[in-house]
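Working notes, structure below.
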Number of protein chains: 2
Amino acid sequence: MSSFDLDAFLPYRLSVTSNLVSRLFARRYADEFGLTIAEWRVMAVVGADGRASAVAVRARTGMDKAKVSRAVAGLLARRLVKRVAHRGDRRLEPLALTPSGRATFDAIVPRARALEAELADGLPEDQRAALDAALRHIATRAAALDAEAGGGPD
Amino acid sequence: MSSFDLDAFLPYRLSVTSNLVSRLFARRYADEFGLTIAEWRVMAVVGADGRASAVAVRARTGMDKAKVSRAVAGLLARRLVKRVAHRGDRRLEPLALTPSGRATFDAIVPRARALEAELADGLPEDQRAALDAALRHIATRAAALDAEAGGGPD
DNA sequence: TGACATTGGTTCCATATGAAACCAATTTGT
DNA sequence: ACAAATTGGTTTCATATGGAACCAATGTCA
């Protein structure tokens, strides 16, 4: 009976928590704005950076190529985002928010912040800070370990 | 330019980190033991509790019915797990590890712990503790908020 | 200036996923 | 005791996913 406490196992805690939070946000985004999580992520990067190519989105969110491509297609179809030509390198197809996309973005941000605040409600500030730092630390370590083992460039 | 810092947004940090960690573990489990994450989770619950029904697995892991059912089918096929009759309520089909399953479980546990340690390597102990507490807190809040809004019982 | 390797993106395909339909064993209400 | 509601699990079906093949535009280097 090699005792093993699943509840205390970090990867498990992480996954359970992340899934719960993702589901919660997915529902909200879908209900209130008709966006999938992937679409919102793309908008978030483009909105935050002002302009971003699919590569930038990929780098910041860890989403794979196909997923980004599909999310972008959806946003283009609804004209929340538009392509802006990149003179110099025609492979790059930088994206920018359309006015309508900007309006949606501006509407979502406060809602997202509010929901985030609700989640952290009651969490001591120092713990909140520690959480963020720890998540970054772990993400960095995981990326390193993954690259080290088979995890090729793509 | 309603500034919005995606990197500091908790749900995003959580998801990115969780995905990286999941990928890492998925690769390990697959490479070394031929198990999917879902299968390992089932084994973990059954192994930790000594005996568990699909309902128990669901409750502890948050996996949905179908996923549990499929993972169990896979484990049964490879005889890592067996059903034990539950006299009294024949709907319940409690599971237990077979000797071979127990051996696999005993082999995985130390590997999982080692990988977990590698992830936390360099993380100050108090931050590590805060991380765990904060994740629990957030998971509880998220579950509450989700149930509150549409998120029915199933 | 050509091959040849890279890089940004899209599409294809086989697999994974989860909501809902479904079946069987219990429980509840009358 | 029996119909109706519930609960544990499996299966179906439509959709999501991600790895790999693919196309186009650059970059590289002899």
Side-chain angles (χ1 to χ4, degrees), chain A residues 15 18-20 22-24 26-27 29-31 35-42 45-46 51-77 81-95 146 150-154, chain B residues 15 18-20 22-24 26-27 29-30 34-42 45-46 51-77 81-95 146 150-154:
Chain A
S15 163
S18 174
N19 288 341
L20 279 168
S22 283
R23 256 205 292 285
L24 186 61
R27 184 154 10 221
Y29 292 145
D31 287 357
L35 292 174
T36 66
I37 292 250
E39 287 168 346
W40 152 246
R41 290 241 171 100
V42 171
V45 173
V46 175
R51 153 169 319 208
S53 71
V55 175
V57 173
R58 231 166 84 67
R60 302 256 310 236
T61 63
M63 292 163 67
D64 72 301
K65 291 165 93 127
K67 207 166 176 179
V68 172
S69 178
R70 289 189 271 248
V72 168
L75 293 172
L76 283 172
V81 131
K82 64 175 188 283
R83 291 194 193 286
V84 303
H86 178 106
R87 68 208 169 306
D89 190 337
R90 262 171 312 185
R91 281 171 311 181
L92 290 165
E93 314 243 357
L95 301 165
D146 194 47
D154 212 48
Chain B
S15 164
S18 173
N19 288 342
L20 279 168
S22 283
R23 258 205 289 286
L24 186 61
R27 185 155 7 226
Y29 292 146
L35 291 174
T36 65
I37 293 252
E39 288 169 345
W40 153 244
R41 291 241 171 100
V42 171
V45 173
V46 175
R51 150 169 321 205
S53 70
V55 175
V57 172
R58 236 168 80 72
R60 302 255 312 234
T61 62
M63 293 163 66
D64 73 302
K65 291 163 93 126
K67 206 166 177 179
V68 172
S69 177
R70 289 188 268 249
V72 167
L75 294 172
L76 282 172
V81 131
K82 66 174 188 285
R83 290 194 192 287
V84 303
H86 178 107
R87 72 209 165 305
D89 191 335
R90 260 170 314 185
R91 281 171 312 180
L92 291 164
E93 314 245 356
L95 301 165
D146 194 47
D154 212 45

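Order of the sequence lines sets the chain letters (A, B, ...), proteins ahead of strands, with each chain counted from 1. If you're wondering where the values come from, they're calculated on a predicted model, not measured in any experiment.
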Nearest 0.5 Å, what's the CD1-OG1 distance between A:Ile37 and A:Thr61? 11.5 Å
Protein N or O to nucleotides 3-7 of chain D N or O, pairs below 3.5 Å:
{"from": "D:dT7", "atom 1": "O4'", "to": "B:Arg91", "atom 2": "NH1", "distance (Å)": "3.3"}
{"from": "D:dT7", "atom 1": "O2", "to": "B:Arg91", "atom 2": "NH1", "distance (Å)": "3.1"}

When you measure from the side chain of A:Ser22 to the backbone N and O of A:Ser18, does any donor-acceptor pair fall under 3.5 Å? yes
Between B:Arg90 and C:dA24, is there a side-chain N or O to OP1/OP2 distance below 4.0 Å? no
Whole-Å gap separating C1' (C:dG8) and CZ (A:Arg58): 10 Å
Evaluation steps, side-chain contact (heavy atoms from CB on, under 4.5 Å), between B:Leu75 and B:Leu35: CA-CA 9 Å; B:Leu75 294 172; B:Leu35 291 174; 3.9 Å; yes
To the nearest angstrom, the NZ-P distance between A:Lys65 and D:dA20 comes to 12 Å
Rounded to the Å, how far apart are B:Met63 CE and D:dG9 P? 13 Å
Atom pairs, N/O to N/O, protein against nucleotides 15-18 of chain D, distance under 3.5 Å?
{"from": "D:dG18", "atom 1": "OP2", "to": "A:Asp64", "atom 2": "OD1", "distance (Å)": "3.2"}
{"from": "D:dG18", "atom 1": "N7", "to": "A:Arg70", "atom 2": "NH2", "distance (Å)": "2.6"}
{"from": "D:dG18", "atom 1": "O6", "to": "A:Arg70", "atom 2": "NH1", "distance (Å)": "3.4"}

pair A:Val42-A:Glu39: side-chain heavy atoms closer than 4.5 Å: no
Can you name the closest pair of heavy atoms from B:Ala38 and B:Met63 and give their distance? CB-CE, 3.6 Å
Determine whether B:Leu95 and B:Lys82 make a side-chain contact, defined as any pair of heavy atoms from C-beta on separated by less than 4.5 Å. no
Hey, does the side chain of A:Arg83 come within less than 4.0 Å of C:dT10's phosphate (OP1/OP2), counting only N and O? yes
Heavy-atom nearest nucleotide on DNA chain C for A:Ser53 versus B:Asp89: which residue maps closer to 5'? A:Ser53
Which atom pair, heavy atoms only, marks the closest approach of A:Ser15 to B:Arg41? OG-NH2, 2.9 Å
Rounded to whole Å, CD of B:Glu39 lies from P of C:dT17 at a distance of 10 Å
Might you point out which heavy atoms bring B:Leu76 and B:Val81 nearest each other, and give the distance in Å? CD2-O, 3.4 Å
If one requires at least 3 consecutive Watson-Crick or G-U pairs with distances under 3.5 Å, the stems of DNA chain C turn out to be C:1-30 with D:1-30
Whole Å only: how far is the CG atom of B:Leu92 from the P atom of C:dA25? 13 Å
For the residue pair A:Arg51 and A:Pro94, what are the closest heavy atoms and their distance? CG-CB, 4.2 Å
